[in-house]
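Written below as structure tokens is the structure these notes are about.
In this text, all values refer to a predicted model and were calculated from it rather than measured experimentally. Counting starts at 1 for both ligands and their atoms, in listed order.
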Amino acid sequence: MDGPKVPPAPASPLEQYLQRLYDKFARLEDGQVATYIPELGRARASWFGIAIATVDGRVYDVGNSQVPFTIQSISKPLVYGLALESCGVKGVLKKVGVEPSGEAFNSISLDPHTGRPLNPMINAGAIATTSLVPGTDPGSRWTQLLDTFSAFAGRSLGMDESVYISERDTGHRNRAIAHLLRNFGILEANPEEPLDLYFRQCSVSVTCRDLAVMAACLANGGVNPVTGRRVLEPRNTGRVLSVMTSCGMYDYSGEWIYSVGLPAKSGVAGGILAVLPGQFGIGVFSPPLDERGNSVRGVQVCEAISREL
Ligand code: GLN
């Protein structure tokens with residue numbers, strides 16, 4: 001026999017707010033799902049999720065917040081943090097700068113004399129950063145990277161094998177960039193190794209709820225507010241937030257600081273991670289992208305949150 005029905009708990013003001021954002025921007029149908037990595041073309045344009053994780057460890061979400069997608073370029077700030085922790089700021093700056101490029105994510109923005117990529121948020125800089133992940137062999141470096149991402153998310157993450165294969169087999173431009181970095185001595189050994197790790201890191205499967213918790217770690221000085229575990233030293237957390245602020249949205253970065261002002265990072269699978277330091281982390285997922293490779297609905301949601309909260 002059924003007991004008396006318990007009415008659902010009334011939604012909190014923050015949940016109601018997220019629902020209003022969802023309803024408003026779900027109607028927006030601009031943008032194109034990325035297809036240059038063939039496997040990404042399978043995503044549905046209608047998928048849309050928003051999550052917020054506060055620095056006191058509460059997580060709120062609406063929409064398709066549990067649909068998995070690949071983290072793509074949102075991996076770049078996390079790996080940058082890992083490189084800073086293992087090589088120190090001087091060691092990292094030798095290999096990659098902190099200057100906004102104002103160019104597309106796949107641009108070949110290298111210093112003409114040293115070959116040093118301008119910043120760690122474009123692919124060239126990210127591949128250089130990935131070569132600094134500590135470990136004795138490719139397997140241990142991958143384990144270290146995945147463990148770090150999992151600590152940020154507060155749960156054990158895995159890789160989307162088919163996106164990885166798709167990207168590995170079609171990523172000729174990234175392969176060219178890696179070999180160019182080897183030519184300049186920015187990569188010091190076989191360039192195929194960090195390149196493979198880069199393809200793997202981009203293929204880690206997350207939800208927008210995970211992105212919100214990862215962002216909340218950055219909002220919370222490097223401590224995961226859900227698990228209580230430190231994932232990044234405070235000074236490196238500040239450095240990661242700085243490069244996200246100046247370079248996180250590629251050639252949209254200048255306008256982004258002006259109109260949104262939050263440190264953020266986008267990925268071509270449709271994710272955006274944004275941080276309101278000291279307050280909360282935001283994760284948005286919606287696959288259709290604008291011409292700069294940023295999620296159309298994701299950008300709108302972040303603009304609205306920055307304006308309204
Ligand atoms: N894996 C993608 C690439 O290297 C990441 C790009 C992105 O998310 N902007 O092309």
### Summary
Honestly, for Tyr198 the part within reach of ligand 1 (heavy atoms, under 4.0 Å) is side chain
### Task
Measure the CG-CG distance between Leu84 and Leu93 for me, rounded to the nearest 0.5 Å.
8.0 Å
### Query
When you look for heavy atoms under 4.0 Å from ligand 1, do you find them on the side chain of Asn123, its backbone, both, or neither?
side chain
### Task
Mark up the atoms of ligand 1 that fall under 4.0 Å of a heavy atom belonging to Gln72, in ascending order.
1 (N), 2 (C), 5 (C), 8 (O)
### Task
Check whether NZ of the Lys or CZ of the Arg Arg292 lies under 6.0 Å from the centre of the six-membered ring of Tyr252 and within 45 degrees of that ring's axis.
no
### Task
With the side chain counted from C-beta on, respond yes when Leu146 and Met159 share a heavy-atom pair under 4.5 Å apart, and no when they do not.
no
### Query
Is Tyr36 near ligand 1, meaning one of its heavy atoms is under 4.0 Å from it?
yes
#### Entry: Atoms of ligand 1 close to Cys202 [distance to a heavy atom under 4.0 angstrom, numbered from 1]
1 (N)
#### Entry: Glu167: numbered ligand 1 atoms lying under 4.0 Å from its heavy atoms
1 (N), 2 (C), 3 (C), 4 (O)
### Task
Flag the pair Lys95 and Glu188 as a salt bridge only when some basic side-chain nitrogen lies within less than 4.0 angstrom of an acidic carboxylate oxygen.
yes
### Task
Please state which part of Arg173 comes within less than 4.0 Å of ligand 1, counting heavy atoms only: side chain, backbone, both or neither.
neither
### Query
Evaluating non-hydrogen atoms only, which member of Ser266, Ser73, Gly267, Gly293 is closest to atom 7 (C) of ligand 1?
Ser73
### Query
Out of curiosity, Ile74 CD1 to Leu211 CG, how far, rounded to the nearest 0.5 Å?
4.5 Å
#### Entry: Side-chain donor-acceptor contact under 3.5 Å, Asp196 with Tyr164
yes
### Query
Where's the contact between Ile74 and ligand 1, heavy-atom distance under 4.0 Å: side chain, backbone, both or neither?
neither
### Query
Does a donor on one side chain and an acceptor on the other come within less than 3.5 Å for Asp210 and Thr207?
yes
